[in-house]
Every structure is written in C-alpha cells, then in structure tokens.
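Only this structure's heavy atoms are used, side chains among them; waters, hydrogens and symmetry mates stay out. None of these values were measured; they are calculated from a predicted model.
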Amino acid sequence: MDLAGSAHALELAMRLEEDLTGVAAALTKAARLLDLPKLRLHSHVLLAIAGTVGANRLCDLASDLNAQVRAPEVGSLSDLLAEIALLLDHLIDRVRIARADLAAPL
C-alpha cells in the first residue's frame, strides 16, 4: 500500500480485496468439485498475489497446491486446502481493515 502512494492505496486495497475474495470463492468451488484444472489456475493467481503482498506462507502453500494438482496422482488435498482457506481469510480480513482505515476521514 505504501508503494502505491496515498492517491492509489484505497483503489489498490479495493481491487486486492476483490481479487482475493474471488480466488477464495473459486478455490472453494473447485475443491468441492475436485476440479483440478481450476485448482491449478487459481493456485497460480493466489501464488502471484500472495507473493506480491508478502504473504509468504500462503505463497508457499499455493505453490504446493499447484505442484500437487499437476502430479500424476493427486493425493488428499483437504489439509492443504483448509490451511490455504484459513490464511486467505486472514489476508482478506487484513486487506479489509486496511481499506477501511484508508477510507476513514482524517
């Protein structure tokens, strides 16, 4: 947010929240359907966003998910997806707080 500067930080926070909530919903749906191509697609998006914002553990988990869904035999993804969901929810909460702080009158 600091790099975006005050003129663009609120817009960045709004777009980031939109992107993260979209990824969360898409991963949830793809996991429920065990749609491996969609899990792979959205793991790429999450990997990029998490890496950009410095959510290192989430980035590592997204990378692990991507590797697992590309493997010849996919094992159980439930623990991995549960941890991703938890960390993604925390990141979305942090972004919402930052957005609210940026939108608050001084």
Side-chain angles (χ1 to χ4, degrees):
M1 300 289 179
D2 291 337
L3 292 174
S6 60
H8 303 287
L10 180 57
E11 178 72 19
L12 176 62
M14 290 176 4
R15 297 294 164 242
L16 187 55
E17 180 185 354
E18 183 179 299
D19 291 345
L20 289 170
T21 56
V23 168
L27 282 174
T28 298
K29 181 178 179 182
R32 188 177 64 249
L33 300 172
L34 199 57
D35 185 338
L36 299 182
K38 291 279 171 84
L39 285 170
R40 182 177 180 197
L41 170 72
H42 295 294
S43 70
H44 273 288
V45 175
L46 181 57
L47 205 157
I49 294 171
T52 299
V53 301
N56 297 330
R57 177 69 181 147
L58 189 54
C59 185
D60 291 343
L61 292 171
S63 180
D64 291 347
L65 175 61
N66 185 269
Q68 285 192 33
V69 297
R70 290 183 11 217
E73 292 187 30
V74 177
S76 175
L77 299 173
S78 60
D79 289 344
L80 178 59
L81 288 166
E83 188 173 358
I84 287 172
L86 179 67
L87 292 176
L88 191 48
D89 285 346
H90 286 291
L91 182 56
I92 292 167
D93 287 344
R94 290 185 65 188
V95 170
R96 285 179 176 153
I97 291 167
R99 188 197 70 213
D101 289 346
L102 289 166
L106 296 176

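- Residue Leu80 is grouped with residue Leu88 when hydrophobic side chains (ILVMFWY) are merged at heavy-atom distances under 4.5 angstrom, including chains of intermediate members.
- Linking ILVMFWY residues whenever their side-chain heavy atoms come closer than 4.5 Å, directly or via other members, places Val53 and Val45 in the same cluster.
- Across every non-hydrogen atom of His42 and Val23, the tightest pair is O-CG1, 4.1 Å.
- With values rounded to the nearest 0.5 angstrom, Leu20 atom CG is found 10.5 Å from Asp89 atom CG.
- For the atom pair CG (Leu91) and CG (Leu86), the distance works out to 11.5 Å, reported to the nearest 0.5 Å.
- A salt bridge (Lys or Arg N to Asp or Glu O under 4.0 Å) check over residues 19-28, counting only residues at least two apart or in different chains, returns nothing.
- Applying the side chain to side chain donor-acceptor pair (under 3.5 Å) rule to His44 yields the partners Asn66; only residues at least two apart in sequence or on another chain are considered.
- One hydrophobic cluster, built from ILVMFWY side chains closer than 4.5 Å, holds both Leu61 and Val69.
- Clustering ILVMFWY residues whenever any of their side-chain heavy atoms sit less than 4.5 angstrom apart, transitively, puts Leu16 in the very cluster that holds Leu27.
- Between the CG atom in Leu65 and the CG atom in Leu58 there is a gap of 10.5 Å [rounded to 0.5 Å].
- Listed by first and then second residue, the salt bridge (Lys or Arg N to Asp or Glu O under 4.0 Å) pairs that reach into residues 62-71 come to none, sequence neighbours excluded.
- A donor-acceptor pair is defined here as one N or O able to donate and one able to accept, closer than 3.5 Å; no such pair exists between the side chain of Ser63 and the backbone of Cys59.
- Applying the side chain to side chain contact (heavy atoms under 4.5 Å, CB included) criterion to Leu34, with sequence neighbours excluded, gives Leu36, Leu77.
- Under the side chain to side chain donor-acceptor pair (under 3.5 Å) criterion, Ser78 pairs with Ser76, sequence neighbours left out.
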Exercise for review: Check step by step if side chain to side chain contact (heavy atoms under 4.5 Å, CB included) holds for Leu39 and Lys29.
Suggested key: CA-CA 9 Å; Leu39 285 170; Lys29 181 178 179 182; over 6 Å; no

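- Atom CG of residue Leu87 and atom CD1 of residue Ile92 lie 11.0 Å apart, to the nearest 0.5 angstrom.
- The list of salt bridge (Lys or Arg N to Asp or Glu O under 4.0 Å) pairs with a residue in residues 32-60, not counting sequence neighbours, reads Arg57-Glu83.
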